[in-house]
Amino acid sequence: MNRRIANWRVSPKLSCPALHSRFSMAISMNETPDPAEDTSVEKPLPKKSSLFRSLLFGKPRDINDPSLFHSISLIPFLAWVGLGVDGLSSCAYGPDEAFRALFNPDGTDHRELAIILALATAATVGIISWSYSGLIEHFPYSGGGYGVASKLLGRYFGLISGCALLVDYVLTVTTSIASSIDQVFNVVPPEYHGYKLSVELLMTCILILLNLRGIKESITIIVPIFLLFVATHLAVMVGVLMVHPGTIMGHLSQVHEQVHSDAQNLGLWVVLVIFMQAYSRGAGTYTGIEAVSNGVPAMREPQVSNAKWTMLYMAVSLAITAGGLLVCYLLADLHPMTGKTMNGLLVEKLNFGSWFTWLTLGSEAGLLLFAAQTGYIGGPRVMANMALDGWVPRRFSSLSDRLTSHYGVLMVGTAAIASLLYTRGSVDVLVTMYAINVFVTFSLSQLGMTRFSWIRRKRKGQGPLPILLHAFSFVLCFSILVAVVILKFTQGAWVTLFVTGVLILVCIMIHRHYTRVRVKLMELNAQLGDMQTLAVSKLETVPELAPKKQTAVMLVNAYGGLGIHTLLMVLKTFPGLFSQVYFASVGVLDSGNFKGVEEVGRLRADRQKVIDQYILLARTLGLAAGGEFTLGTDPVEESTGLCLKIREKFPRSVFFAGKLLFETEKWYYPLLHNETAYAISQRLQLQGVPMVVMPIRILKFEG
């Protein structure tokens, strides 16, 4: 050990001015952190467009503002609007699809089953919401169904749930926007229907921009439309009951007669299949429930309590609206018409006036448009959680200066545009595709919670109610999933299953790559042995930093083999040139640690610990050493600013960092690893500041 230290000890008296000229060259570098902490970065726009960015996306957030987390978090009402809007807006197409399934092509119908269907819909909303309240209570920060399945059933079940959720959130955006424009085009002359897809694509792009500005800002815009939707649809349901006050009792008495007659003529199993087909076609009604459990981190403290209140608001409003509309279709004696939605027919039947028709359908179209909001909130959150676990590229866990998951927002928006182009905006196809994956996640979540409740019952002696609740929810969700896949396999279900399967395979390949890189880094750490545990206690004196001396400034991330090896290579490559070293680090605020003031405090402590460890190592090697760090969401911007600040302190400084070099570079490596150092190098070179890359080769790597 002492021999190893002696080999690397550098005397402050040694110097080699001849080497100084070597640093006049602009040597490009890039730093590759530990893949477990890899954070890819978007190159910031030039300064001249900063005003445009501020107008378009809003001003950057200050992470040092103590009121930041309070100001961007959501109270239950805003969370109900932002996260519950998907569930409530599904009343525009869920009950519609279910009621249409009760009519046969030959003109016969089974309309009386709508009452049973309404009760079943309300009950299903209540059961799933109740079970998800238990999930929120025990796993508030797990990331919803993805986290629960990963923790309770294993990482591969979590992967399936996460991929299903990602596809589902994309289809949330697509289905909501397509249905929204359908509502508008109900009252638009047929000659303009050819512009429908173009309008849908335009609305998708607008929502991308809104969500790049931030969650709370986009939700604030929705509030008036949301309240108008609630008011107008409540007026519609009350109006139907007032116009047909005694009709509901007559229909209730006819339910038993029609079921009995159909059972005799068609058979009880046929009636059951007809009901299940209608029930499964309305499965899109329940798709917004998952969003609340996935959005707990966006809630204001106390987060769990506020999330449960949000779930209650959403469940009650969704059950009343969806079930009430089904009953109103029956009471108003509606029949499906091509080119008209059931809600549009219902409003026209009331004949409250054209102003009310426009107001009701307009609020419905607006709410459907913004129902895509849950896709832009939930999708990036799931993607960020999966990125932290190594299933998708690390860049999806990073945040913009507006503290939004900008890569996730862009990915969800791009995929939604592709879905619209593929389906040509057909709501019938989209609803079928939409309903499948959400019930994959529902089923896995409830299966995991059933297992959790069983284990908890044995350990803590709790009652059987949680087990029965989650077990029944699992059977219910899995039954709906099977029914939708079987009945709609050739009508779009196979596409969803295929896309989800391909996504799962891609995620497995990405995870294997990161695992192999991590193993190679562990081997690098092992090669250095106890160099990572050096102490400075045996040193008699601690060298002091001198601002005018040649200084090696090292950009470091984690304390480990990569950084230590880079330091030793600098001393070996430039012997005697540097008698002092200064360490610089940036703590990146991403989706994994952006959860509150406490997490930011932990990030600061972690950065300081890393700096202190490197300082101890450098002093043990006989070097004067110091260091500092900063926090931010953009490592390029923060690192550049930190480097220029250090350059002012040490004018004769040269910047270094290590880079992992793979023996064989694959085309997809830049997608999986960051390009941070290239951007930093370019910026510093423009300022006349040299950076040097110290290559660290990974041999015999296949991945």
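What you see is a predicted model, and the numbers here were worked out from it, not measured in a lab.
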Determine whether a donor-acceptor pair (N or O, by modelled atom type, separation under 3.5 Å) exists between the side chain of [X] and the backbone of [Y].
X      : Y      : value
Arg451 : Leu152 : yes
Ser317 : Tyr313 : yes
Arg512 : Cys507 : no
Ser180 : Leu368 : no

Does any non-hydrogen side-chain atom of [Y] lie less than 4.5 Å from one of [X]?
X      : Y      : value
Ile208 : Leu410 : yes
Leu503 : Leu166 : yes
Met433 : Val499 : no
Val440 : Asn437 : yes
Val316 : Met311 : no
Phe442 : Val438 : yes
Met386 : Leu159 : yes

Between [atom1] of [X] and [atom2] of [Y], what distance do you get to the nearest 0.5 Å?
X      : Y      : atom1 : atom2 : value
Tyr93  : Arg100 : OH    : CZ    : 15.0 Å
Leu430 : Thr423 : CG    : OG1   : 3.5 Å
Phe472 : Cys477 : CZ    : SG    : 9.5 Å
Trp130 : Lys308 : CH2   : NZ    : 11.5 Å
Ile320 : Leu325 : CD1   : CG    : 11.5 Å
Ile480 : Ile436 : CD1   : CD1   : 13.0 Å

Flag if over 12 foreign heavy atoms under 6.0 Å of CZ, Phe157: no
Tyr156 atom OH, over 12 foreign heavy atoms within 6.0 Å: yes
What heavy-atom pair brings [X] and [Y] nearest, and what distance separates the two atoms?
X      : Y      : result
His470 : Ser131 : CE1-O, 3.2 Å
Val412 : Gly379 : CG2-CA, 4.2 Å
Pro393 : Tyr514 : CA-OH, 3.5 Å
Leu444 : Ala149 : CB-CB, 4.5 Å
Ser453 : Ile467 : CB-CG1, 3.6 Å
Pro95  : Ser90  : CD-O, 3.6 Å

Plane angle bin for Phe474 and Phe478 - parallel if under 30°, tilted between 30 and 60°, otherwise perpendicular: parallel
Aromatic plane relationship, Tyr279 with Phe275 - under 30° parallel, 30 to 60° tilted, over 60° perpendicular: parallel
Derivation of the side chain to side chain contact (heavy atoms under 4.5 Å, CB included) call for Leu117 and Phe99: CA-CA 9 Å; Leu117 195 58; Phe99 191 74; 5.9 Å; no
Side chain to side chain contact (heavy atoms under 4.5 Å, CB included) assessment of Ser473 paired with Tyr132: CA-CA 10 Å; Ser473 297; Tyr132 261 86; over 6 Å; no
Side chain to side chain contact (heavy atoms under 4.5 Å, CB included) evaluation trace for Cys91 with Leu318: CA-CA 8 Å; Cys91 294; Leu318 178 57; 3.7 Å; yes
Thr500 and its side chain to side chain contact (heavy atoms under 4.5 Å, CB included) partner, picked from Asp168, Val495, Val167: Val167
Steps toward side chain to side chain contact (heavy atoms under 4.5 Å, CB included) verdict (His513, Ile508): CA-CA 9 Å; His513 172 82; Ile508 290 175; over 6 Å; no
